[in-house]
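Per chain, numbering begins at 1; letters A, B, ... match sequence-line order. The shown structure was predicted, so the numbers you read here are calculated from the model rather than taken from an experiment.
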Amino acid sequence: MKRSRVAFAIIATAAISILIFAFMAPQWIGQGFNWGIITATVVGLAVIAFFLEFESRHVNTKELALISIMGTLAAIVRIPFAPIPNAQPATFIIICIGYTFGPMAGFMTGAITALVSNFFLGHGPWTIFQILGWGLAGFTAGILRNLKPNIWVLAAFGLVWGFIFGIIMNIWHWASLIYPLTWQTFLITQLNSIWFDTIHGVATALFILILGKRTIAILKQWHNRFFWKNINNEPKKFDTSNT
Amino acid sequence: MSYLKFSYQDKKTPIHKLNPVITTVWVASVVILALLLDHPVFLALLFISTIPVVFAAKIHREWAIFVKLAFYLGIVIVIINSLASNSGSNILWQPGIHLPLLGEMVITMEALFYGFVMVIRLLAIISAFSIFTFTVHPDNMLMVMLKFKLPYRSAMMTALSTRFVPTLIEDAMRIKDAQQARGLDFDKGNIYERIKKRASIFTSLLSSSLERTIQIAESMEARAFGSCKQRTYFHQTRLDGVDRILLISHILILAVAIFSSIKGFIYFQFYPELNGFVLPVAGWIIIAAILILLLSITPLALLKKRAVN
């Protein structure tokens, strides 16, 4: 087994055992152990596991460069829109990359977008949650590709991701700063950001409807230039032994 | 263009010259401590202990923006906490209004106090992260990722991506100028038309950056990227004596904090009644020790005469 696979297994076990421990022994919570730390640790471990999974794959230089530059693109279109929170095409770009290049490329693009844009807008505990949110948006878009959706399905997918992203971003804030932790308080925290999530979702859906087909066509063209299947039909060797 | 600049600026203060690994570990321990313990006095002192570092790094102006943001978030936190929790015993206000989801509206002193303590927690965390954002260069952050044995390919990709931000912004500006020279007026028409016009910048930028990826990939291949399993680095970050002392002291801080939290030395009860302002002597000693160790970063950074890079 590869080293990164072993690390991946260890991380997955650690994350799951932390969660099981937290649910099984609630009397320990509050004694060197609280939900703010638990959520941050588990999400951090999940993100590292994704990175290791990417690392263990054989990715060629072209794809590496593509993911980093698309991360930059998604990050820079995010920065000028920062005054209007969430009305930015970053999620749209990430979904398109995931859709064209597959789940892992989508995840990495999302992760890099979060990291790079926060070098400009400021890091915080929210960075790892953004990595997870955007990463999973790209990842699920890569899975959705197998269903061969039309543009309307993709737009609906973008709309839904606007809300899921909001939920992921609220988890930390809710788990570490609100008491008691009930579904009612989570719903209120969610209502507080529902306006931003709606803008995010609607903007992403609109971008997909207006620009989606063209963007995916451009990306597919690039994809076809460098990724091709090796069809194994070697020409028959001319037999010279008889002559 | 203001957004071309990093949040980071090299102000040549001792804090900026600190080893990035140490700054990261310091910030991480403040954040973990803030999440670990919820004693109001401790959290307030933790927040106050970040302020000398902010001033030593001369980033107070940027820091103030972060803190203001935390205040806006804080208002929401106080409101939700005081509405959501009915388990306090000192009722301040009970107007007899029935709220959806939450039942009867009761605002207790304990819930209000809890909300304010959580705002202090948020302030401490955001203040620590602002030090991280404003005093560690992005490339050095990635160096830290490598130092902690995190996957290097992802770190390299992030570095590459960060480096191309100014280039791509320049590209976007150039495309915009070119479109305007062709007679495209970006500020005319209804919203749909405006989006369509801006889309023309986007698709051109996408194609040109895709061309760029090919150049980058080819230059990486020309330098034999990924040909060896064990890679080498141009710059090496080394930890010298003072750095090692700081690193060990931070690990100690966290161990002591977890220990005292489990043992109940630093314990505060919010509900049903506020209790725990008076701690056992051991608790106060531990708090003092933690804060002195955290604050020691500034004098140690001043002591150190590190050459730039």
Side-chain angles (χ1 to χ4, degrees), chain A residues 4 30-34 36-37 40 48 51-52 54-55 59-62 64-73 75-77 79-80 82 89 108 111-112 115-116 118-125 173 176-180 182 184-185 187-189 192 206 210-211 214-215 218-219 222 226, chain B residues 3 5-8 31-32 35-36 38 66 76-77 80-81 83-85 87 101-102 114 118 121-122 125-126 129-130 132-133 138 150-151 153-154 157-158 160-162 164-165 168-169 172 195-196 199 202-203 205-207 209-210 212-214 216-217 220-221 225-226 258 261-262 264 270:
Chain A
S4 55
Q31 300 189 345
F33 204 57
N34 68 35
I37 291 184
I48 291 175
F51 277 122
L52 284 175
F54 175 76
E55 211 74 11
V59 183
N60 71 16
T61 333
K62 294 266 181 350
L64 270 179
L66 174 93
I67 292 170
S68 11
I69 297 302
M70 288 302 112
T72 318
L73 189 65
I76 66 159
V77 294
I79 296 162
M108 288 308 290
I112 286 177
L115 280 169
V116 172
N118 283 351
F119 285 135
F120 298 86
L121 304 173
H123 279 283
H173 167 218
S176 46
L177 301 169
I178 306 286
Y179 181 89
T182 55
Q184 286 100 332
T185 53
L187 216 61
I188 291 177
T189 321
N192 175 42
L206 278 179
I210 298 172
L211 283 168
R214 262 164 91 189
T215 310
I218 293 171
L219 288 171
W222 191 94
F226 297 109
Chain B
Y3 53 82
K5 279 190 227 137
F6 283 130
S7 303
Y8 168 85
V31 172
I32 294 171
L35 285 173
L36 204 60
D38 54 5
F66 262 56
V76 178
I77 291 165
I80 295 179
N81 270 312
L83 284 180
S85 173
S87 34
L101 291 176
L102 290 172
Y114 186 84
M118 289 304 112
R121 170 181 273 178
L122 185 72
I125 292 171
I126 284 193
F129 263 108
S130 75
F132 181 65
T133 311
L150 283 167
R153 241 201 261 152
S154 325
M157 278 161 66
T158 316
L160 194 65
S161 180
T162 319
F164 274 93
V165 167
L168 250 65
I169 290 176
I195 292 178
K196 275 250 161 180
F202 175 76
T203 39
L205 184 62
L206 184 70
S207 316
S209 46
L210 283 174
R212 236 174 235 293
T213 61
I214 300 164
I216 294 165
M220 272 158 70
E221 279 161 17
F225 174 83
I258 292 170
S261 164
I262 291 170
F270 286 98

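Side-chain contact between B:V165 and A:F119 is absent, with no heavy atoms from C-beta onward closer than 4.5 Å. Between A:I188 and B:L83, every side-chain heavy-atom pair lies at or beyond the 4.5 Å cut-off. A 4.5 Å side-chain heavy-atom check between B:S209 and A:M70 finds at least one atom pair inside the cut-off. At least one side-chain heavy atom of A:L219 sits under 4.5 Å from a side-chain heavy atom of B:L210. Residues B:I77 and A:H173 form a side-chain contact, since some pair of their non-hydrogen atoms from C-beta on lies under 4.5 Å apart. Between A:R214 and B:F202, the closest side-chain pair of non-hydrogen atoms is not below 4.5 Å. Within the 4.5 Å cutoff, side-chain heavy atoms of A:P125 are placed close to those of B:F129.
Between the side chain of B:N81 and the backbone N or O of A:L177 there is at least one donor-acceptor pair closer than 3.5 Å. Side-chain atoms of B:R153 never come within 3.5 Å of backbone atoms of A:F51 as a donor-acceptor pair (strictly under, hydrogens ignored). Looking only at distances, a side-chain donor or acceptor of B:T133 sits under 3.5 Å from a matching main-chain atom of A:H123.
For the pair B:S161 and A:G71, the tightest heavy-atom approach, listed with the atom from each and the gap, is OG-C, 4.0 Å. Of all heavy-atom pairs between A:F54 and B:S154, the closest is CD2-OG, 4.5 Å.
Your options are B:L35, B:I32, B:L205, and the one with the most heavy-atom pairs under 4.5 Å with chain A is B:L35. If you tally non-hydrogen atom pairs under 4.5 Å between each of A:L115, A:L73, A:T189 and chain B, the highest count goes to A:L73.
Neither the backbone nor the side chain of B:V31 has a heavy atom closer than 4.5 Å to any heavy atom of chain A. For A:N60, no part sits under 4.5 Å from any heavy atom of chain B, backbone or side chain. B:F164 touches chain A through backbone and side chain together, each having a heavy atom under 4.5 Å away. Of the two parts of B:I126, only the side chain, counted from C-beta on, holds a non-hydrogen atom closer than 4.5 Å to a non-hydrogen atom of chain A.
The structure places CG of B:L122 at 8.0 Å from OG of A:S176, a figure rounded to the nearest 0.5 Å. One distance of note links CD1 of B:I216 with CD1 of A:I69; it measures 3.5 Å at 0.5 Å rounding. Atom CD1 of residue B:I169 and atom CD1 of residue A:I76 lie 5.0 Å apart, to the nearest 0.5 angstrom. A distance of 5.5 Å separates CG in A:L66 from OG1 in B:T213, rounded to the nearest 0.5 Å. One finds the CG atom of B:L36 at 4.5 Å from the CD1 atom of A:I37 (value rounded to the nearest 0.5 Å). Atom CE of B:M157 sits about 4.0 Å away from atom CD1 of A:I67, to the nearest 0.5 Å.
Every residue meeting the salt bridge (charged side-chain N to carboxylate O under 4.0 Å, His left out) condition with B:R212, not counting sequence neighbours, appears here in chain and number order: B:D171.
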